[in-house]
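Atoms within each ligand, like the ligands themselves, are counted from 1 in listed order.
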Amino acid sequence: MYLSMVVPCFNEEHGLQRLHDALVAALSGRVRDYEVILVDDGSTDRTLREARRLAALNPRFRYVSLSRNFGKESAMLCGLRHARGRRVALLDADLQHPPELLRRMLVLLDSGYDQVVARRNRDGERRCRSTLSKVFYCAAGRLIDVRLQDGVGDFRVLSRRAVDAVLSLPEYHRFSKGLFAWIGFDTAYVSFRNAPRAAGGSKWSFGALVNYGIDGLTSFNNRPLRMSIYLGVLVAVLAGAYVLFVVVNTVVDGVHVPGYATLLAGIVGLGGLQLLFLGVLGEYLGKSYFEAKRRPHYLVKETSPEFHPQARERRLHPAAELAS
Ligand code: UDP
Ligand code: MG
C-alpha cells in the first residue's frame, strides 16, 4: 500500500464527513492506493457512529475505537500500529492540517527524506497561547537534547523506516514531538498557514498545555535533575558565605537581634526551592512508576472488519490461507 493516513479523533462527529470529503478531494487521481485510519479516542459523542458510516461508505476508510479516552498520543500510536502503508501520514481530524499539503509532502518524501514535517505559523492564535509556546520552546532548547521546532506539530509524513523506528520506542509516556525528533533521519519541512478549526472546539485547556510542556521537558533526559544539583550547590555556597559573614559580624560588632526580614526571606526562599526540586524529583519518580507498570498504551473496543484478528492473519500469511 502506498499511503496510510492516521487520524486521531476525539469528539469530532461534526468534522468527519468534511474530513472525508477533503481527503478524497486531495488524493483522488493522485494517490491510487491509500487507506485512512480513523482512531476514535473514546469519544463521548457520535464520532464512532460517523466512523462506522464512513467505513461502510468508502472502503478506503477504516476505524479503530478505543475503550476510553487515552489521549492523542496513544491514539496516534494505535493508528501507527495499524497502518500498513509504505508511507504514513499523521493529521488531525479538524482540518487544521490541510490535506492539500499532502501531495507536496509526499513528493518531498519520495525525493529521499524519511520525515516531511509541516510547520505552521501562529496566525490567529490567542496571544497567551503563542507566548506560552515561545517560552516552552526556549526552555526546551536549553533543557532537552533533541531539537524541537516552534510551530511543528504532529502533521507529518513518515517513511516506513521512520514509522518502525517510532514504534520501536516502548515508553509509556509518549511525547511525540520529541520522539519524532529523537529518531532522527533526514527531515524536510514545509510551511503552511494556521487554519481555524473546521468544527467543534480545541481539546486543549490552558492547564493541559502546561502539563504537556512539563511532560516534554522531563521526558527526554535528566537535565532538570542535574540543574537541581547545580542550584543546590550554588545555594549551599551562598549560604556558607552568609553564615561566615554573620559569624564575623557578630564577633566584630556584637549581636544584632533584628534580622527578621532576612530570616523570613531565607526560610521562604529555600522552602520554595526545595518544594520545586521535590516536584522535579517526583516527576521523574512518577514517570518511572508508570513505566514500571508496563500497562498497554490503550485498549481497543471495536474495529472495522479489516482489523479483525482473522483478517490480519490472512493479510500477514496469505500462503497459509491458500494451503488450508
Ligand atoms: N484528540 C484525540 N484525543 C484527545 C484529544 C484530541 O484524539 O484526547 C485529537 C482531536 O480529535 C484532533 C487532534 O487530536 O483530531 C488535535 O486535537 P485539537 O484540535 O483539540 O488540538 P489543537 O489543534 O488545538 O492543538
Ligand atoms: Mg486542532
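Residue contact check: Asp94 has heavy atoms under 4.0 Å from atoms 19 (O), 23 (O) of ligand 1.
Side-chain atoms of Arg120 and Gln96 form no donor-acceptor pair, as typed in the model, at a separation below 3.5 Å.
Taking the six-membered ring where tryptophan is involved, the planes of Tyr172 and Phe290 are essentially parallel, since the angle between them stays under 30° and well short of 60°. Ring orientation note: the planes of His97 and Phe155 are close to parallel, at an angle under 30° on the 30°/60° scale.
A salt bridge does not link Arg49 with Glu13: every distance from a Lys NZ or Arg NE/NH1/NH2 to an Asp or Glu carboxylate oxygen is 4.0 Å or more. Asp110 has a carboxylate O that lies under 4.0 Å from a charged side-chain N of Arg87, or vice versa, which qualifies the two as a salt bridge.
Backbone and side-chain nitrogen or oxygen atoms of Ala75 are examined, and none is located within less than 3.5 angstrom of a nitrogen or oxygen of ligand 1.
Across Pro8, Ser74, Gly71, heavy-atom proximity to atom 7 (O) of ligand 1 is greatest for Pro8.
Contacts with ligand 1 closer than 4.0 Å are made by side-chain heavy atoms of Asn69 only, the backbone lying farther away.
For the Mg ion (ligand 2), protein N/O/S neighbours under 2.8 Å (waters excluded) are Asp94 OD2, Gln96 OE1.
Remark: Arg68 qualifies as a cation-pi partner of Phe70 under the 6.0 Å distance and 45° angle criteria applied to the six-membered ring.
A salt bridge (charged side-chain N to carboxylate O under 4.0 Å, His left out) check over residues 153-167, counting only residues at least two apart or in different chains, returns the pairs Lys72-Asp154, Asp114-Arg161, Arg160-Asp164.
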